[in-house]
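By convention in this document, chain letters (A, B, ...) are assigned in the order of the sequence lines, proteins followed by strands, and residues within each chain are numbered from 1. Keep in mind it's a predicted model, so treat the numbers as computed, not measured.
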There are 2 protein chains.
Amino acid sequence: MADDRSKDSATTPEWSGPMDGDLASIAFLARSLGDENRLRILLCLGEEKKAVGSIVQELNLSQPLVSHHLKELKRSLLVKIERSGPFVYYQLADPSILGIMGALHLLARELLTRRTSF
Amino acid sequence: MADDRSKDSATTPEWSGPMDGDLASIAFLARSLGDENRLRILLCLGEEKKAVGSIVQELNLSQPLVSHHLKELKRSLLVKIERSGPFVYYQLADPSILGIMGALHLLARELLTRRTSF
DNA sequence: CTATTATATCAACCATCATTTATATGTAAA
DNA sequence: TTTACATATAAATGATGGTTGATATAATAG
């Protein structure tokens with residue numbers, strides 16, 4: 001049982017291909033979604049670009065904290081940046097982000113209700 | 001600027017409702033998906049229940065590590081457990097988990113290709 | 001009972017991360 | 001230039017989390 005890499009394509013259910021370094025990207029994205037304040041920021045961004053100050057005021061978080069999380073969201077490419085004067089506007093990089101959050105929300109509800117009803 | 005909780009329903013894009021403690025559940029789920037080894041375990045589980053030893057051998061990970069991650073996946077309700085003799089079989093709690101992983105994979109590919117092509 | 005197999009837990013170490021406070025950078029106006 | 005505002009960064013701290021190695025529990029066979 002030295003090493004065996006010959007059973008990849010047997011149990012690939014939804015995607016096709018190697019999935020080598022892709023799992024790292026998926027994990028990286030998921031970790032970026034794994035913070036409540038970042039989720040609030042993404043949800044607050046919605047579909048309109050907003051400046052940092054607006055997010056700070058809207059979510060009632062400290063400005064360095066919002067800035068830090070925005071930096072993290074930028075690192076994971078989940079938001080796009082646009083400067084205009086002294087303002088920096090952040091925007092969702094892709095609308096599917098909200099869809100994924102919705103799917104996670106649905107899954108969480110499902111798992112929790114399944115848990116309490118059994 | 002003491003406190004203001006009067007602008008909730010203005011910018012809810014995809015779901016409806018309070019989203020109060022739901023974001024915590026979403027973040028919890030996302031954090032559980034935010035580890036490459038756990039993703040490999042979920043992907044390895046696929047749709048058939050497998051014992052711990054099978055996962056250990058299939059992914060070439062140490063048994064305590066797999067057991068620890070399975071415990072974490074159980075804590076987030078992403079897997080179901082079924083004992084049979086000395087074996088403990090783990091199974092995906094919901095098939096939509098693979099769909100969410102696929103969506104994250106698609107988003108990652110999209111964001112990365114968008115990044116390198118601009 | 002002992003022995004063996006399957007799985008879980010414990011302890012320790014190291015890394016990552018979220019948060020706060022303070023400070024720095026940058027931009028625009030007077 | 002100074003002043004004011006918007007945002008970013010630094011340093012420090014506390015908490016959480018992944019990994020390894022050793023050990024413990026559980027079930028079964030002999």
Side-chain angles (χ1 to χ4, degrees), chain A residues 1 21 23-45 48-91, chain B residues 1 3 21 23-45 48-92:
Chain A
M1 60 181 81
L23 286 182
S25 308
I26 300 177
F28 191 59
L29 270 187
R31 243 182 295 123
S32 202
L33 294 175
D35 181 89
E36 191 172 350
N37 283 328
R38 278 196 292 271
L39 290 179
R40 293 214 291 159
I41 290 174
L42 291 174
L43 202 56
C44 152
L45 282 181
E48 35 183 349
K49 60 185 68 171
K50 287 181 181 174
V52 181
S54 307
I55 306 174
V56 167
Q57 191 177 355
E58 196 166 329
L59 300 183
N60 209 33
L61 297 175
S62 79
Q63 179 269 317
L65 184 57
V66 171
S67 208
H68 170 249
H69 282 308
L70 285 172
K71 185 180 183 179
E72 180 66 31
L73 289 172
K74 173 179 182 287
R75 199 164 71 103
S76 56
L77 305 178
L78 286 174
V79 295
K80 289 187 303 181
I81 305 189
E82 183 182 335
R83 297 183 144 83
S84 174
F87 299 94
V88 180
Y89 291 94
Y90 285 81
Q91 188 184 2
Chain B
M1 58 180 81
D3 64 284
L23 286 181
S25 306
I26 300 176
F28 191 58
L29 271 186
R31 240 181 298 121
S32 201
L33 295 174
D35 182 87
E36 193 174 349
N37 283 328
R38 277 194 293 270
L39 290 179
R40 292 214 292 159
I41 290 175
L42 290 174
L43 201 57
C44 151
L45 282 182
E48 35 184 349
K49 61 186 65 174
K50 286 181 182 174
V52 182
S54 307
I55 306 174
V56 167
Q57 190 177 355
E58 193 165 331
L59 300 183
N60 210 34
L61 297 175
S62 78
Q63 180 267 320
L65 186 57
V66 170
S67 209
H68 170 249
H69 283 308
L70 285 172
K71 184 181 183 180
E72 180 66 29
L73 290 173
K74 173 178 181 286
R75 199 164 71 101
S76 57
L77 305 178
L78 286 174
V79 295
K80 288 187 304 181
I81 304 189
E82 182 182 337
R83 295 182 145 85
S84 176
F87 298 95
V88 180
Y89 292 94
Y90 286 80
Q91 187 183 4
L92 284 192

* Structure fact -> Among the nucleotides C:dT20, D:dA6, D:dA8, whichever has the atom closest to the side chain of A:S62 is C:dT20
* Rounded interatomic separation in angstrom, taking CD1 from A:I41 and P from C:dA18 -> 11 Å
* Check every atom of D:dT9, D:dT20, C:dA6 against the side chain of A:P64 and return the nucleotide holding the closest atom. => D:dT9
* To the nearest angstrom, how far is A:K71 atom NZ from C:dA18 atom P? -> 13 Å
* Asked: Does A:R83 have a side-chain nitrogen or oxygen under 4.0 Å from the phosphate oxygens OP1 or OP2 of D:dT7?
  -> no
* **Distance in angstrom units between A:K74 NZ and D:dT7 P, rounded** => 16 Å
* Interatomic distance, B:L61 CG vs C:dA6 P [rounded to whole Å] -> 17 Å
* Base C:dA6 to side chain B:Q63, donor-acceptor N/O within 3.5 Å cut-off -> no
* To do: Could you pull out the closest heavy-atom pair between A:F28 and A:S76, with the gap in Å?
  => CE2-CA, 3.7 Å
* Asked: Would you say C:dA8 has OP1 or OP2 under 4.0 Å from some side-chain N or O of B:Y90?
  -> yes
* Expressed in angstrom and rounded to an integer, what is the separation of B:L70 atom CG from D:dG18 atom C1'? -> 14 Å
* Mind checking the CD1-CG spacing from B:I41 to B:L43? Nearest 0.5 Å is all I need. => 11.0 Å
* **Proximity to the side chain of A:H68 - top-ranked nucleotide from C:dT7, C:dA18, C:dA6** => C:dA18
* Asked: Does a nitrogen or oxygen in the side chain of A:H69 sit under 4.0 Å from OP1 or OP2 of C:dC17?
  -> no
* Asked: Starting at CD of A:E82 and ending at P of D:dT7, how long is that distance when rounded to a whole Å?
  -> 13 Å
* Asked: Which comes earlier along DNA chain C counting from the 5' end, the contact point of B:S67 or that of A:L65, where each point is its nearest nucleotide?
  -> B:S67
* **Salt bridge flag under 4.0 Å for residues A:K49 and A:E82** => yes
* To do: Tell me which nucleotide among C:dA18, D:dT7, C:dT7 gets nearest to the side chain of A:D35.
  => C:dA18
* Structure fact -> Distance col, row B:L65:CG vs B:Q63:CD, nearest 0.5 angstrom, shows 9.5 Å
* Provide, to the nearest angstrom, the distance between the NZ atom belonging to A:K50 and the P atom belonging to D:dT7. => 14 Å
* Rounding to a whole Å, what distance do you find between B:I81:CD1 and C:dA6:C1'? -> 14 Å
* Asked: Which nucleotide sits closest to the side chain of A:V52: D:dT7, D:dA6, D:dG17?
  -> D:dT7
* Rounded distance (nearest 0.5 Å) linking atom NE2 of B:H69 with atom CG of B:L59 -> 10.5 Å
